[in-house]
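Atoms within each ligand, like the ligands themselves, are counted from 1 in listed order.
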Amino acid sequence: MKVLVTGGAGYIGSHTCVSLSDSGYDVVIVDNLCNSSIGMVKGVEELIGRKLPFYQVDICNENELDAVFEKEQIDAVLHFAALKAVGESLEKPDLYHRNNVGGTEVLLKVMKKFAVDKLVFSSSCTVYGQPEIIPVNEDAPMLPAESPYGQTKQDCEKLISSSGLNSALLRYFNPIGAHPSGRIGELPIGVPNNLIPFLCQAVAGLKDELVVFGDDYPTDDGSCVRDYLHVCDLAEAHVAALEQLPHGIRAYNLGTGSGTSVLGVINAFEESTGESVPFRIGERREGDIVAIWADPSRAEKELGWCASRKVGEALADAWRWQQTL
Ligand code: NAD
Ligand code: UD1
């Protein structure tokens, strides 16, 4: 089976290319490298021990995407390509809509043209906002999006739902970590907003200190709680979703099923790496969700997938990757 991976040079896409290849799939990558580098494709090739067809193509460009489908006999698509910076999306909502929703529209059109009917889509737990019931399952209502980025995920889910394709909508919680080889990981472009890349940069001395955004929330230690998921577990979930692809459309929460607070992450990092984290408690970040973690039981039951790696392992892998940068 030949699988097209859009955004395959990116953080999650690259790890998924390795898992796909390990499971015997042929992989074709399309990425315009707007938020990644060709070095990530080389890293994937090193890890799997062979070259991969790579096309530097913008998925918004129908003619160029057509040409890829024309040349390769694609059986299924894993669709990661999107812009993902929440803050930037507030400044450039049109760009986010054009790239993420427009790109998905073009992809769906080309898939129809070439009679490819299998799709796995990268969605996000951001579609739930702050849910009333935690852990959150897939039946929780979607709340109005908190950012133009979040809106693109809701819009794409709707587009895909009405496309008639057989699709899995994978709602990721907080992917962290890197491949244990240290060969691929998340590329920090600009100042990272997410916790783990910032924490790693602070430990590496590239930032003065990590600021913990609030310790007066109604949680056990007062800091916010998230469901941090190793990127390799997440990559494996994509293979499982492809293998158990539903007829019609189905959403799956991908998380570990347990939450870790920001202070808990700092402790786990120090324990698993032996490094100390320079940090101070700061103000709350506007718009932050207090606590969320996944109920991943649907993915376990229907896809036969569950996360097997611990937060400490993911943090040690993130730190190993940071040291290669
Ligand atoms: P990433 O930025 O590392 O990867 C996305 C890749 O898509 C990049 O390589 C980028 O160059 C490429 N791309 C973007 N627009 C493109 C276009 N128009 N044409 C071709 N390529 C394009 O991000 P990631 O963390 O790997 O995220 C992958 C997907 O998962 C995204 O859809 C993201 O919204 C979603 N997601 C990520 C997270 C997270 O925390 N990382 C959480 C939930 C959902
Ligand atoms: C962010 C995005 C969300 C996206 C998710 C996964 C925002 C508002 N939301 O959410 O849309 O789906 O990433 O990519 O950006 N923290 C600190 N100090 C820091 C950075 C973060 O204390 O310097 C805390 C945050 O308050 C939060 C936790 O760490 O409690 C995780 O933050 P982050 O990595 O940004 O992820 P999310 O808040 O889950």
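Annotation: atom 4 (C) of ligand 2 to nearest protein heavy atom, Ser124 OG, 4.5 Å. The protein non-hydrogen atom at the shortest distance from atom 31 (C) of ligand 1 is Phe80 O, 3.1 Å. In terms of protein heavy-atom proximity, atom 40 (O) of ligand 1 is closest to Pro175 CD, 3.3 Å. Of the protein's non-hydrogen atoms, Asn35 ND2, 2.7 Å is the one closest to atom 2 (O) of ligand 1. What sits closest to atom 26 (O) of ligand 2 on the protein, heavy atoms only, is Asp288 OD2, 2.5 Å. Among protein heavy atoms, the minimum distance from atom 39 (O) of ligand 2 is reached at Arg226 NE, 2.7 Å. At the shortest separation from atom 15 (N) of ligand 1 among protein heavy atoms lies Asn99 ND2, 3.1 Å. Looking at atom 22 (O) of ligand 2, its nearest protein heavy atom turns out to be Phe213 N, 2.9 Å. Here the protein heavy atom with the shortest distance to atom 14 (O) of ligand 2 is Asn194 ND2, 3.9 Å. What sits closest to atom 31 (C) of ligand 2 on the protein, heavy atoms only, is Tyr228 OH, 3.4 Å. Among protein heavy atoms, atom 22 (C) of ligand 1 sits closest to Asn32 OD1, 3.1 Å. When hydrogens are left out, the protein atom nearest atom 12 (C) of ligand 1 is Asp31 OD1, 3.3 Å; that is the closest non-hydrogen contact. Nearest to atom 32 (O) of ligand 2 among the protein's heavy atoms is Arg285 NH2, 3.5 Å. Atom 30 (O) of ligand 2 has as its closest protein heavy atom Cys224 CB, 2.9 Å. Here the protein heavy atom with the shortest distance to atom 3 (O) of ligand 1 is Tyr11 N, 2.8 Å. For atom 24 (P) of ligand 1, the closest non-hydrogen atom on the protein side is Lys84 NZ, 3.8 Å.
Considering backbone and side-chain N/O of Glu186, none are found under 3.5 Å from N/O of ligand 1. In terms of N/O distances under 3.5 Å, ligand 1 is approached by Tyr149. Geometrically, ligand 2 and Val211 share a nitrogen or oxygen pair separated by less than 3.5 Å. Of the polar atoms of Cys34, at least one N or O is found under 3.5 Å from an N or O of ligand 1, judged by distance alone. On a distance-only criterion, Ile59 and ligand 1 share at least one N/O pair closer than 3.5 Å. Below 3.5 Å of separation, one finds no N or O of Leu210 facing any N or O of ligand 2. Looking at Ile12 next to ligand 1, an N or O pair under 3.5 Å apart turns up. Residue Phe173 has no N or O atom closer than 3.5 Å to an N or O atom of ligand 1. For ligand 1, one of its N or O atoms has an N or O atom of Ser36 under 3.5 Å away. No N or O atom of Tyr149 sits closer than 3.5 Å to an N or O atom of ligand 2.
Residue contact check for ligand 2: Gly287 places no non-hydrogen atom closer than 4.0 Å to it. The closest approach between any non-hydrogen atom of Phe279 and ligand 2 is not below 4.0 Å. Using a 4.0 Å heavy-atom cutoff, Arg171 is absent from the residues neighbouring ligand 1. The shortest separation from a heavy atom of Ser123 to ligand 1 is under 4.0 Å, placing the residue in contact. In this structure, Thr126 does not count as a contact residue of ligand 1, since none of its heavy atoms falls inside 4.0 Å of the ligand.
Counted by atom type alone, Ser122 and Tyr172 present one or more donor-acceptor pairs between their side chains at under 3.5 Å. A donor atom on one side chain and an acceptor atom on the other are not found under 3.5 Å apart for Lys2 and Gln73. Side-chain atoms of Gln151 and Asp155 include a donor-acceptor pair closer than 3.5 Å.
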| query | Stepwise, does the side-chain contact (heavy atoms from CB on, under 4.5 Å) test hold for Thr6 with Leu65? | reply | CA-CA 10 Å; Thr6 76; Leu65 203 54; 5.8 Å; no

| field | side-chain hydrogen bond (donor to acceptor under 3.5 Å, both in side chains) assessment of Glu88 paired with Tyr149 | value | CA-CA 9 Å; Glu88 187 188 52; Tyr149 165 75; over 6 Å; no

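Within 6.0 Å of atom CG in Asp216, more than 12 heavy atoms from other residues, nucleotides or ligands are found, so the atom counts as buried in its surroundings.
Each of the atoms 19 (N), 20 (C) of ligand 1 lies under 4.0 Å from some heavy atom of Val57. Taking a cut-off of under 4.0 Å to the non-hydrogen atoms of Val212, the atoms of ligand 2 that pass are 22 (O). Each of the following atoms of ligand 1 lies closer than 4.0 Å to a heavy atom of Ala81: 7 (O), 13 (N), 16 (C), 21 (N), 22 (C). Against a heavy-atom cut-off of under 4.0 Å, Asn174 is close to the following atoms of ligand 2: 36 (O), 37 (P), 39 (O). Of all atoms in ligand 2, numbered sequentially from 1 with element shown, those under 4.0 Å from a heavy atom of Thr126 are 11 (O), 12 (O). Taking every non-hydrogen atom of Ser124 and a distance limit under 4.0 Å, the qualifying atoms of ligand 1 come out as 43 (C), 44 (C).
Note on Lys301 versus Glu138: no salt bridge recorded, every NZ/NE/NH1/NH2 to OD/OE distance being 4.0 Å or above.
Taking the six-membered ring where tryptophan is involved, the planes of His238 and Phe80 are tilted, since the angle between them lies from 30° to 60°. Taking the six-membered ring for Trp and thresholds of 30 and 60 degrees, His79 and Phe121 have ring planes inclined between 30 and 60 degrees apart.
Side-chain heavy atoms closer than 4.5 Å link hydrophobic residues (I, L, V, M, F, W, Y) into clusters, and following such links, possibly through other members, connects Val77 to Leu108. Hydrophobic clustering (ILVMFWY, side-chain heavy atoms < 4.5 Å, transitive): Val18 and Trp305 are in one cluster. Both Ile184 and Val239 belong to a single network of hydrophobic side chains, linked directly or stepwise wherever heavy atoms of I, L, V, M, F, W or Y lie under 4.5 Å apart. Residue Leu315 is not grouped with residue Val231 when hydrophobic side chains (ILVMFWY) are merged at heavy-atom distances under 4.5 angstrom, including chains of intermediate members. In terms of hydrophobic clustering, with Ile, Leu, Val, Met, Phe, Trp and Tyr side chains grouped at heavy-atom distances under 4.5 Å, Val311 and Phe279 are assigned to a common cluster.
Of all the heavy atoms of Val86, the ones lying under 4.0 Å from any atom of ligand 2 belong exclusively to the side chain. Proximity of Leu33 to ligand 1, defined as any heavy-atom pair under 4.0 Å, is confined to the backbone N, CA, C and O atoms.
In this structure, atom 24 (C) of ligand 2 has a protein heavy-atom contact shorter than 4.0 Å.
A distance of 14.0 Å separates NZ of Lys118 from CG of Leu4, quoted to the nearest 0.5 Å. For the atom pair CG (Asp288) and CD (Glu283), the distance works out to 12.5 Å, reported to the nearest 0.5 Å.
Looking at heavy atoms from C-beta onward, Lys71 lies out of side-chain contact with Val28 at the 4.5 angstrom threshold.
Between Leu195, Ile266, Asn193, it is Leu195 that holds the heavy atom closest to atom 29 (O) of ligand 2.
Side-chain atoms of Gln130 come within 3.5 Å of backbone N or O of Ala291 as a donor-acceptor pair.
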